[in-house]
Engineer: 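Sharing a structure here in structure tokens format.
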Amino acid sequence: MDIRNIVIVWGIDNFNTLGLLRQLGPAGLNLFLLIFGRETGCATSSKYCKEHVTYSDLDEAFLFLKHRFANETHKPIIVTPGDEIIEYIDQHRSEMLAYFIVPGTTVSGKLTELDNKINMALFAKEHGIPIPMSRAFKWNSSAAGIAYPCFLKPSHITKNKKNEFKYRKCNSEKALLRAMKYVRHDSEFLLQEYIPAEKEFVISGCRTMDGKTIIGGCYRTDRYADDGNSSYAFLTAEIPDCIDVSKIRSFLEDMGYYGVFGFEYGLYKGTAYFFEVNLRNNGTSQSFALGGANLVLAWVLSAAGYDYSAVSTTVVGDHFFMDELMDYANVLHGRISHKAWKTDKVKADIKKYYLEDDMQPYIVMKKRRWVTMLRFAVVKRFRLYIVYFMDMIKA
């Protein structure tokens, strides 16, 4: 595919960034990879990674980008899978637009505002999307009137700091207050009623630069790995009746968002409760592309001003996905038998790393599989305390 714009993939050297390369590389786009943080060999070992640089500081990375691409006749297009990066782009939107085409909102700061989980939940509620009972919560907030179990999520990311946890379930007031003893005093959380979801869904899509909202299909997670990511799932074009797609469109149109997205829901007693939305590339997008819906490519073409109508943007048929390396933790934890797991692996036509046309990332990640699995298991259990002691050391 001959488009004149360079496409800059800016992200951590992980699967999510690898997915972007694998969705755009086969189309013949001119890709440049900018790694945030350290190199791991996941995305950087892909055959679609022709050139890359690494920066751990976002300001330094932006200075590099301006210097490197200042004289391009056609503005490069930036895509990212990272919350911290997309918020940085949002906060520097005016300066970014002088050099690049970027995803985000039409008003600088709007994406960062709504990426805050508290604001995000309220905005979804305003658009008629059901949410669990929610409130803001800090280390010294009153625990009066809270029903248990409850669920905690960090409301936002903080530059150069690790969140205390990705999410945390508290079964009692004692457990909630114990957790609050170890969080930073400037941290804020979204505290929600715990929804024992019978099914969990991701509705992925993109809103193109001409204002069209495209829905690629539905991704239903059946199991999670210890890193908190989906590790076994079902993928289809059919959207469950409990999810009103018109409200997704209303949400995105009202905030003036353009780019790829993933809305997450939990089904409980016939109601699909909104959990969150990823206002950037999300980890399911490669699965959608392999299932027939290349939403990232459609958005990039729209950003470049090209006709994207020939790109397939809806899942074709039904598919099963497996993280063929990390899902095995569910066997070790006794959640599924080894025999059943092997059956599921055969049934999964979409794998996380294994791709016959691009094998090196799978080879790299498989070598460190057991060490990574152990690290995830430890961090899942002790992350709150690990972050607490890291902060003490830095102080």
Side-chain angles (χ1 to χ4, degrees), residues 11-17 36-37 40 42 80-87 112 115-121 131-132 134 136-139 149-171 175-176 178-184 186-197 200-202 219 221-233 262-266 273-284 323 326-327 329-330 333 335 352 372-391:
I12 296 171
D13 193 357
N14 64 6
F15 164 75
N16 209 327
T17 301
F36 176 42
T40 67
C42 183
T80 180
D83 286 327
E84 192 169 352
I85 299 168
I86 195 65
E87 289 189 15
T112 302
D115 220 22
N116 180 299
K117 298 293 189 293
I118 297 167
N119 298 333
M120 182 187 292
I131 66 169
S134 305
F137 204 80
K138 297 188 70 173
W139 71 278
C150 65
F151 206 63
L152 283 169
K153 293 180 184 177
S155 66
H156 61 282
I157 54 176
T158 303
K159 186 178 180 180
N160 298 325
K161 288 185 178 180
K162 296 284 188 182
N163 282 335
E164 291 90 341
F165 42 81
K166 187 174 181 178
Y167 51 79
R168 191 174 184 90
K169 180 184 177 185
C170 296
N171 291 314
L176 174 62
R178 186 190 307 123
M180 290 299 102
K181 286 175 60 177
Y182 294 96
V183 302
R184 302 181 190 102
D186 59 351
S187 292
E188 188 176 40
F189 302 91
L190 172 65
L191 186 146
Q192 291 188 313
E193 169 192 11
Y194 175 71
I195 301 297
E200 295 189 15
F201 305 111
V202 178
Y219 177 103
T221 294
D222 294 336
R223 289 195 298 271
Y224 290 91
D226 283 340
D227 61 356
N229 293 321
S230 172
S231 58
Y232 194 75
F263 278 74
E264 299 181 12
Y265 297 85
Y273 290 92
F274 172 85
F275 285 168
E276 63 180 70
V277 56
N278 291 309
L279 297 167
R280 36 93 180 159
N281 187 70
N282 69 87
T284 68
D323 179 341
M326 296 299 112
D327 186 58
N330 289 291
H333 291 306
R335 301 181 189 120
K352 188 168 186 174
T372 303
M373 198 177 294
L374 176 61
R375 178 169 57 85
F376 283 154
V378 171
V379 170
K380 179 182 179 181
R381 185 172 182 182
F382 299 110
R383 175 169 173 163
L384 174 62
Y385 311 108
I386 293 170
V387 172
Y388 176 76
F389 285 114
M390 285 174 62
D391 286 347

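Model, not experiment: these values are computed from the prediction.
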Engineer: Does any part of the side chain of Tyr224, heavy atoms only, come nearer than 4.5 Å to the side chain of Asn330, both counted from C-beta?
Structural biologist: no
Engineer: Checking side-chain contact (heavy atoms from CB on, under 4.5 Å) against Tyr182, which of Phe165, Tyr385, Trp139 comes through?
Structural biologist: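 Exactly one candidate clears the test, Tyr385.
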Engineer: Please answer whether the main-chain N or O of Met326 pairs with a side-chain N or O of Asp323 as donor and acceptor at a distance below 3.5 Å.
Structural biologist: yes
Engineer: Would you say the side chains of Glu264 and Asn282 form a donor-acceptor pair under 3.5 Å?
Structural biologist: no
Engineer: Using a cut-off of 6.0 Å, state whether more than 12 heavy atoms not belonging to Arg381 lie near its atom CZ.
Structural biologist: no
Engineer: What heavy-atom pair brings Gly11 and Pro81 nearest, and what distance separates the two atoms?
Structural biologist: CA-CD, 3.9 Å
Engineer: If you count the non-hydrogen atoms of other residues, nucleotides and ligands that lie under 6.0 Å from OH in Tyr167, is the total more than 12?
Structural biologist: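 Counting neighbours around OH of Tyr167, more than 12 heavy atoms of other residues, nucleotides or ligands fall under 6.0 Å, so yes.
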Engineer: Output yes when a side-chain donor or acceptor of Asn14 lies under 3.5 Å from a complementary backbone atom of Thr17, and no otherwise.
Structural biologist: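 Present.
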Engineer: Verify the ring-centre separation between Phe275 and Tyr265: is it less than 6.0 angstrom?
Structural biologist: no
Engineer: I'd like to know if the side chain of Asn281 pairs up with that of Asn16 as donor and acceptor (distance under 3.5 Å, no hydrogens or angles considered).
Structural biologist: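 Checked: Asn281/Asn16 side chains pair up, N/O donor to acceptor below 3.5 Å.
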Engineer: Look up atom NE2 in His156 and atom CG in Asp115, then write down how far apart they are to the nearest 0.5 Å.
Structural biologist: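 Going from the NE2 atom of His156 to the CG atom of Asp115 covers 11.0 Å.
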Engineer: Hey, does Phe151 have a side-chain heavy atom less than 4.5 Å from the side chain of Leu191?
Structural biologist: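 Not touching, per the 4.5 Å side-chain cut-off.
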Engineer: Tell me the closest heavy-atom pair linking Ala136 and Glu188, and the distance in Å.
Structural biologist: CB-OE2, 3.9 Å
Engineer: Whether the side chain of Asp13 engages the backbone of Thr40 through a donor-acceptor N/O pair (distance < 3.5 Å, no angle test) should be reported.
Structural biologist: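 Between the backbone of Thr40 and the side chain of Asp13 there is a qualifying donor-acceptor contact (under 3.5 Å).
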Engineer: Is it the case that the side chains of Tyr273 and Gln192 hold a donor-acceptor pair, with the cut-off being a distance below 3.5 Å and no angle test?
Structural biologist: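 No donor-acceptor contact under 3.5 Å links the two side chains.
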Engineer: With heavy-atom distances below 4.5 Å as the criterion, would you say the side chains of Phe201 and Tyr219 are in contact?
Structural biologist: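 The answer is no; the side chains never approach within 4.5 Å.
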Engineer: Test your reading of the model: is there a side-chain donor-acceptor pair from Asn163 to the backbone of Ile157, 3.5 Å cut-off?
Structural biologist: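 Judged by distance alone, no pair lies under 3.5 Å.
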Engineer: For Ala179 and Arg168, which heavy atoms make the closest approach, and how far apart are they?
Structural biologist: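 The pair with the smallest heavy-atom distance is CB-NE, 3.7 Å.
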Engineer: Within 45° of the six-membered ring axis of Tyr194 and under 6.0 Å from that ring's centre, is NZ or CZ of Lys169 located there?
Structural biologist: yes
Engineer: Is a salt bridge present between Asp327 and Arg223, judged by a nitrogen-to-oxygen distance below 4.0 Å?
Structural biologist: yes
Engineer: With a 4.5 Å limit on heavy-atom distance, are the side chains of Leu374 and Thr372 in contact?
Structural biologist: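 No, every pair of side-chain atoms sits at 4.5 Å or beyond.
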Engineer: Is it true that a side-chain atom of Ser134 and a backbone atom of Pro132 form a donor plus acceptor pair closer than 3.5 Å?
Structural biologist: yes
Engineer: May I ask you to decide if Arg184's main-chain N or O and Glu164's side chain share a donor-acceptor pair within less than 3.5 Å?
Structural biologist: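 Between the backbone of Arg184 and the side chain of Glu164 there is a qualifying donor-acceptor contact (under 3.5 Å).
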Engineer: How many angstroms lie between OG in Ser230 and CG in Asp222, if you round to the nearest 0.5 Å?
Structural biologist: 8.0 Å
Engineer: The test is side-chain contact (heavy atoms from CB on, under 4.5 Å); show your working for Asp227 and Arg375 and say whether it passes.
Structural biologist: CA-CA 9 Å; Asp227 61 356; Arg375 178 169 57 85; over 6 Å; no
Engineer: Between Glu84 and Lys159, does any side-chain N to carboxylate O distance fall below 4.0 Å?
Structural biologist: no
Engineer: Give, for atom CG of Asn278 and atom CG of Asp83, the distance between the pair rounded to the nearest 0.5 Å.
Structural biologist: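 Answer rounded to 0.5 Å: 6.0 Å.
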Engineer: As an exercise, state the distance from SG of Cys150 to CG of Leu190, rounded to the nearest 0.5 Å.
Structural biologist: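 Between Cys150 SG and Leu190 CG, I get 10.5 Å after rounding to 0.5 Å.
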Engineer: Using 0.5 Å steps for rounding, measure from the CD atom of Glu276 to the CD1 atom of Ile131.
Structural biologist: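 It comes to 13.0 Å.
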Engineer: Side chains of Leu152 and Met180, heavy atoms from C-beta outward: is any pair under 4.5 Å?
Structural biologist: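 Yes, their side chains come closer than 4.5 Å.
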Engineer: Does the Lys NZ or Arg CZ of Lys352 fall within the cation-pi geometry relative to Phe15 - under 6.0 Å from the ring centre and within 45° of the axis?
Structural biologist: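 The answer is yes, since Lys352 meets both limits relative to Phe15.
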Engineer: Do the side chains of Phe189 and Pro154 get nearer than 4.5 Å, heavy atoms only?
Structural biologist: yes
Engineer: So does Ile118 get a backbone contact from the side chain of Asn116, meaning a donor-acceptor N/O pair under 3.5 Å?
Structural biologist: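 Checked: pair present.
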Engineer: Could you state the interatomic distance from CZ (Phe137) to OG (Ser187), rounded to the nearest 0.5 Å?
Structural biologist: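 Separation between the atoms: 13.0 Å.
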Engineer: Is there a donor-acceptor contact under 3.5 Å from the side chain of Thr80 to the main chain of Ile86?
Structural biologist: no
